There are 2 protein chains.
Amino acid sequence: MPEYPPFAVTADLVVFTIRDGELCVLVICRGEEPFAGSWALPGGFVRPGENLDEAAERELIEETSLGGAVAHLEQLGSYGGPDRDPRMRVVTVAYLALVPELPVPVAGGDASDASWRPVRELKPDSLAFDHARILADGLDRARAKLEYSPLAAAFCQPEFTVADLRRVYEIVWDTELDPRNFHRKVTSVPGFLEPTGGTTAGERGRPALLFRRGEATLLHPAMLRPVR
Amino acid sequence: MPEYPPFAVTADLVVFTIRDGELCVLVICRGEEPFAGSWALPGGFVRPGENLDEAAERELIEETSLGGAVAHLEQLGSYGGPDRDPRMRVVTVAYLALVPELPVPVAGGDASDASWRPVRELKPDSLAFDHARILADGLDRARAKLEYSPLAAAFCQPEFTVADLRRVYEIVWDTELDPRNFHRKVTSVPGFLEPTGGTTAGERGRPALLFRRGEATLLHPAMLRPVR
């Protein structure tokens, strides 16, 4: 085997959820140099014996105690510039995770110092390392996937209304959508939504039909973002 | 910095082109153990001053002498199972490259022992390491991207006919497409194709209109694969 430069390999996580009408990301406030006081994406070293996906799943459970509540985890991309960590050569394999809106804060408890922060409040220079770029790439991926995949439902509870789903699209895309137009489009994509047969209790106004995610893995036709 | 297990990091390439009506991938016959005599994807160690994309670009130039002929290079994903290389812990960052149909063989000359092989002839157990999985993932990515991006044009010469483009779709998707239906669809996607104003010489039959790739980065509506 020829000589090769040794690297550390980490798995970092871009974990999105929706809280209080805002797209939020899980971050940790760094206590040590480099970047003490900056926000960082949660993550850690890949251990001997683990593959990359396993490392990401372990980090996600450790940081969030979410367990089964994670609706989606996918590899986002790898980042390995020679200057990304001043201490050593580190390649990070970044993952994108989508988590349903949580009834109570889960991260930020005793087990972790991670907290949910609205994405729009995180200025790029408040993030450690190249995490601003990784976060931006995660946001791009999530926004694009909402167009051609049913992943918006990953932010919802298992049963949801069309209005719940529209709110996810509006928050992730940071835009307003016409309710009637959205309803017509979303219910005409084969396999996207499946009626549960139930309705909301209808505390205010009329009861709304409840849906669960259907079996489609790609949306045809796609749900296109409004041009801005 | 806590203790971490050292890794080697490589950039490996899934390079596709079309030759003699077949989808072909660039492979190297391994001369040494492990996997002596097996086919492997070209690639190599990421060097000290390089980022990941730079390593992939360097490997591509070294292995193919293609230079500017590469029409597309993107990160495909990272692979880092603990047993993927029996000698050491290696994470590879795999890239997908698409190359236009080449008038003459480029790889396989003095500078490289790489050669183009039809994908359909490469049995999974003839490939070294986990390269069969990486190749399969690259093929899935290329097939999916032809649906919603204009990347089919990356296999074509700068000026091409609708029939040339249809042949790319048919070869990559391994299917037959109705010529009139394909023509109607492909010419109705805004920004996909731009007429050059020229036509083919028309040695056989009528001259055909020539196109170049337009400015669209996503196809709306998408070009859907036939359901099989």
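Computed from a predicted structure; not experimentally measured. Throughout, protein chains are lettered first and strands after them, A, B, ... in sequence-line order, and every chain is numbered starting at 1. Any value given below was found using the heavy atoms of this structure, including those in side chains, with hydrogens, waters and symmetry copies removed.
Heavy-atom distances place no part of B:P221 under 4.5 Å from chain A, backbone and side chain included. For B:L218, the part lying under 4.5 angstrom from a heavy atom of chain A is the side chain only. Looking at A:E147, the atoms closer than 4.5 Å to chain B (heavy atoms on both sides) all sit in the side chain, from C-beta outward. Interface residue B:R47: only backbone heavy atoms are found under 4.5 Å from chain A. Looking at A:V9, both its backbone and its side chain come within 4.5 Å of chain B, counting heavy atoms on both sides.
A pairwise comparison of heavy atoms in A:Y4 and B:F7 identifies CE1-O, 3.7 Å as the closest pair. Between A:N51 and B:R89, the shortest heavy-atom distance links the atoms CA-NH2, 4.1 Å. Closest approach of B:G80 and A:L52 over heavy atoms only: N-CD1, 3.5 Å. The nearest pair of heavy atoms linking A:Y148 to B:Y148 is OH-OH, 4.1 Å. The two residues A:Q75 and B:S78 come nearest to each other via the heavy atoms OE1-N, 2.7 Å.
The 12-atom threshold is exceeded at CZ of B:R84, counting heavy atoms of other residues, nucleotides or ligands nearer than 6.0 Å. Counting non-hydrogen atoms of other residues, nucleotides and ligands closer than 6.0 Å to CZ of A:R141 gives a total above 12. The environment of B:E33 atom CD is dense: over 12 non-hydrogen atoms of other residues, nucleotides or ligands sit within 6.0 angstrom.
Per-residue counts of heavy-atom pairs under 4.5 Å with chain A were compared for B:A144, B:G49, B:G77; the largest is that of B:G49.
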